[in-house]
Amino acid sequence: MAPQTRRMAFPSVVVVEREDADSEQSTSDEDEPEEEDPLPESEPEPEPEAEAEVAENGNGDNKVKQKAPITISLKKVCKVCKKAGHEAGFKGATYIDCPMKPCFLCKMPGHTTMSCPHRVTIEHGIISASHRNASNALEYVFERQLRPRIPLIKPAYVIPDKVNCGVIKYHSRRVTCLEFHPTKNNILLSGDKKGQVGVWDYYKTSEKMVYGNIHSCIVNNMRFNPTNDGAVYAASSDGTISCTDMETGISLSLMNLNPDGWQGPSSWRMLYGMDINSEKGVVLVADNFGFLYMVDMRSNSKSGEAILIHKKGSKVVGLHCNPIQPELLLSCGNDHFARVWDMRRLEAGSSLFDLAHRRVVSSAYFSPVSGSKILTTSQDNRLRIWDSIFGNMDTPSREIVHSHDFNRHLTPFRAEWDPKDPSETLAVIGRYISENFNGAALHPIDFIDISTGQLVAEVMDPNITTISPVNKLHPREDVLASGSSRSIFIWRPKENSELVEQKDERKIIVCGRSEKKQSRKLGNESDDSDDDMSNLKGKNVKSKKSVTKVTPYSRKGKR
DNA sequence: ATCGTATGCGCCC
DNA sequence: TGGGCGCCCTACGA
């Protein structure tokens with residue numbers, strides 16, 4: 001009854017069409033006339049080769065003026081491979097791959113994303129490839145049978161059916177990391193590519209603060225001091241690690257790897273991975289040359305010498321301390337490995353396990369409760385789960401194909417555990433490839449059950465057309481924070497929620513039109529507080545407007 | 001060749 | 001017009 005009417009209030013909420021080919025026609029009418037090209041599709045190019053070459057210059061009109069006026073076919077070359085006969089790019093809200101390239105999703109040649117088995121089978125780019133790495137089927141079955149029956153004891157994780165989304169627009173460069181306050185529920189920290197750090201109370205804007213001078217470039221990781229949540233540490237590509245007192249705002253630089261300043265790119269050291277080992281009272285950081293550093297939290301000084309933990313000269317992008325066994329450290333980096341270390345025996349080459357990947361490993365995290373599983377995100381478009389139960393970490397216990405490619409303009413994607421899920425099966429990660437959602441190209445945020453490989457929910461908002469590579473689930477509440485381009489989105493369950501869509505046990509959670517009062521609650525409730533931020537550009541925190549228009553992805557076709 | 005790295009710029013409000 | 005925006009690029013060097 002009520003749910004039904006509610007549902008009708010947002011008519012765009014529909015199950016995404018399977019036949020993407022069909023969507024071309026349906027979207028092309030509302031899309032801009034990119035197909036204005038007078039040349040019919042069926043008509044073959046008169047001189048494809050010769051014309052194609054001219055076309056590359058962009059101003060082929062001048063070049064061909066002395067030739068016979070056969071210039072009409074110039075556009076019909078693929079922008080990726082420059083060959084005629086097909087065109088890569090958006091057709092409406094659907095991206096057509098260049099067939100000459102490997103599949104953009106699974107990276108295998110011979111097909112495109114559209115026909116990729118990893119997309120077709122379960123849809124939307126997710127499939128479990130669980131037995132892929134077992135050497136034979138028997139081993140796979142064996143492994144499956146031995147593995148604890150997690151589903152039986154699994155308390156269902158809670159994924160709301162309907163969410164509201166608030167937006168914080170402050171950062172002038174892309175958001176690179178997010179961190180929830182460990183005890184204060186509404187406090188979120190954000191770091192960006194410029195080195196700015198924002199502290200937000202996303203319920204009321206009266207408590208917000210921006211630190212613009214802690215770091216001079218990318219903030220790669222932030223972490224609260226577990227024994228003193230008034231202090232937050234940040235690692236930056238400026239080569240420093242900072243400790244900021246949340247009360248006073250005073251920031252210390254605990255370490256500077258570039259004391260002599262810029263001496264060229266080959267010597268400039270950057271800090272990426274960072275975590276805190278509270279047992280030992282040290283901050284662990286790692287740089288872009290493969291080294292690990294430790295800073296004593298009491299003396300705020302470097303403790304010991306740098307240790308080579310990954311291939312020399314390669315970037316170490318992630319560090320994580322085991323939540324249960326403080327002597328266990330996990331690292332990952334650009335040498336295609338994630339490595340498990342014993343803190344008591346930390347020296348080059350002494351890793352306990354080396355988890356091999358096919359590409360750069362963007363993140364590696366121990367599971368949040370037991371610490372017995374490892375979730376890695378690799379730039380080969382696969383999530384991997386490594387289960388230490390077998391004591392054999394040669395191969396992952398599961399691989400999940402998922403679109404989270406590297407792109408130079410995007411913060412690397414990192415799959416994150418749900419810290420609230422005691423079954424340790426739920427992970428969240430943004431998706432790179434877009435979904436044609438009623439004519440809009442949207443990039444959902446995926447919730448994946450890593451025990452089955454199933455996509456259990458995908459969150460999106462018709463108004464958010466940007467990619468959300470940075471995602472963090474709240475440690476206690478049903479809140480998801482996403483960093484998407486220069487914006488931060490806060491997703492919260494909508495009260496009195498009803499099921500929006502369900503298909504194959506998967507929820508498509510669409511952030512519908514926010515109720516006005518709700519969006520106010522998030523942003524502008526206390527506009528009076530804006531005065532302390534008046535020196536910053538415009539309105540720093542604003543509520544998400546309830547925009548009814550679903551903006552189609554039309555830019556590409558416009559002239 | 002492949003792969004990692006770093007940065008820009010066309011489009012559009 | 002110009003500045004903000006956002007990326008299925010892409011050139012370069014090892």
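In what follows, chains carry the letters A, B, and so on, assigned in the order in which the sequence lines appear, proteins first and then strands, with residues in each chain numbered from 1.
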If we take the [atom1] atom in both [N] and [M], what is their distance in whole Å?
| N | M | atom1 | result |
| --- | --- | --- | --- |
| B:dG4 | C:dC7 | P | 23 Å |
| C:dA11 | B:dA1 | P | 13 Å |
| C:dG6 | B:dA6 | P | 24 Å |
| C:dC8 | B:dC13 | C1' | 24 Å |

Atom [atom1] of [X] to atom [atom2] of [N]: distance rounded to whole Å?
| X | N | atom1 | atom2 | value |
| --- | --- | --- | --- | --- |
| A:D97 | C:dC8 | CG | P | 11 Å |
| A:R486 | C:dC7 | CZ | C1' | 10 Å |
| A:R119 | C:dC8 | CZ | P | 15 Å |
| A:I467 | C:dG6 | CD1 | P | 11 Å |
| A:F90 | B:dC11 | CZ | P | 15 Å |
| A:K79 | B:dG10 | NZ | C1' | 12 Å |
| A:L442 | C:dG6 | CG | P | 14 Å |
| A:R173 | C:dC5 | CZ | C1' | 11 Å |

inquiry  = Restricting to ring pair (Phe, Tyr, Trp, His ring centres under 6.0 Å), what partner residues turn up for A:H320, sequence neighbours left out?
reply    = A:Y365, A:F366
Is it the case that the side chains of [Y] and [X] hold a donor-acceptor pair, with the cut-off being a distance below 3.5 Å and no angle test?
| X | Y | answer |
| --- | --- | --- |
| A:T377 | A:S362 | no |
| A:S468 | A:H443 | no |
| A:R174 | A:T411 | yes |

message = So A:D405, base contact, sugar-phosphate only, or nothing? Heavy-atom distance under 4.0 Å.
response =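 Touches nothing.
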task = Report which part of the nucleic acid A:S484 touches: base, sugar-phosphate, or nothing (heavy-atom distance under 4.0 Å, all strands).
result =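 Nothing, no nucleic acid heavy atom in range.
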inquiry  = Tell me if a side-chain donor or acceptor on A:D335 pairs with a main-chain N or O of A:H310 at a distance below 3.5 Å.
reply    =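 Judged by distance alone, no pair lies under 3.5 Å.
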key: Separation between CG of A:D192 and CG of A:L178, rounded to the nearest 0.5 Å   = 11.0 Å
task = Identify which one of A:D461, A:T466, A:N471 satisfies the side-chain hydrogen bond (donor to acceptor under 3.5 Å, both in side chains) criterion when paired with A:S482.
result =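 Testing A:S482 for a side-chain hydrogen bond (donor to acceptor under 3.5 Å, both in side chains) against A:D461, A:T466, A:N471 leaves exactly one candidate, A:N471.
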ask   = Any salt bridge between A:K107 and A:D405, counting N to O under 4.0 Å?
value = yes
key: Whether A:F104 stacks on the six-membered ring of C:dC8 base, 5.5 Å and 30° limits   = yes
message = Under 5.5 Å centre to centre and under 30° between planes: does that hold for A:H409 and the six-membered base ring of B:dG8?
response = yes
Taking only N/O atoms, report every protein-nucleotides 2-5 of chain B pair under 3.5 Å with atom names and distance.
residue: B:dC3; atom: OP2; partner: A:R359; partner atom: NH2; Å: 3.3
residue: B:dG4; atom: OP1; partner: A:H336; partner atom: NE2; Å: 2.3
residue: B:dT5; atom: OP1; partner: A:N334; partner atom: ND2; Å: 2.6
residue: B:dT5; atom: OP2; partner: A:N334; partner atom: ND2; Å: 2.2

task = Measure from the ring center of A:W200 to the ring center of A:Y170 and say whether it is less than 6.0 Å.
result =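 Between A:Y170 and A:W200, which both carry aromatic rings, the centre distance is below 6.0 Å.
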Output a table of nitrogen or oxygen pairs between the protein and nucleotides 11-14 of chain C separated by less than 3.5 Å.
none

A:S434 (side chain) and C:dC8 (base): donor-acceptor pair under 3.5 Å =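 When only heavy-atom distances are counted, A:S434 does reach the base of C:dC8 through a donor-acceptor pair under 3.5 Å.
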task = Check whether any side-chain N or O of A:Y95 sits under 4.0 Å from OP1 or OP2 of C:dC9, and answer yes or no.
result = yes
task = For A:S253 and A:N256, run side chain to side chain donor-acceptor pair (under 3.5 Å): C-alpha distance rounded to whole Å, both residues' side-chain angles, the deciding distance at 0.1 Å, then the answer.
result = CA-CA 7 Å; A:S253 179; A:N256 182 4; 5.8 Å; no
inquiry  = Looking at B:dC13, which nucleotide sits across from it as a Watson-Crick or G-U wobble partner, both distances under 3.5 angstrom, or is there none?
reply    =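 Pairing partner: C:dG2.
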key: A:Y272 side-chain proximity, nearest of C:dC9, B:dA6, C:dG6   =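 Of the candidates, B:dA6 comes closest.
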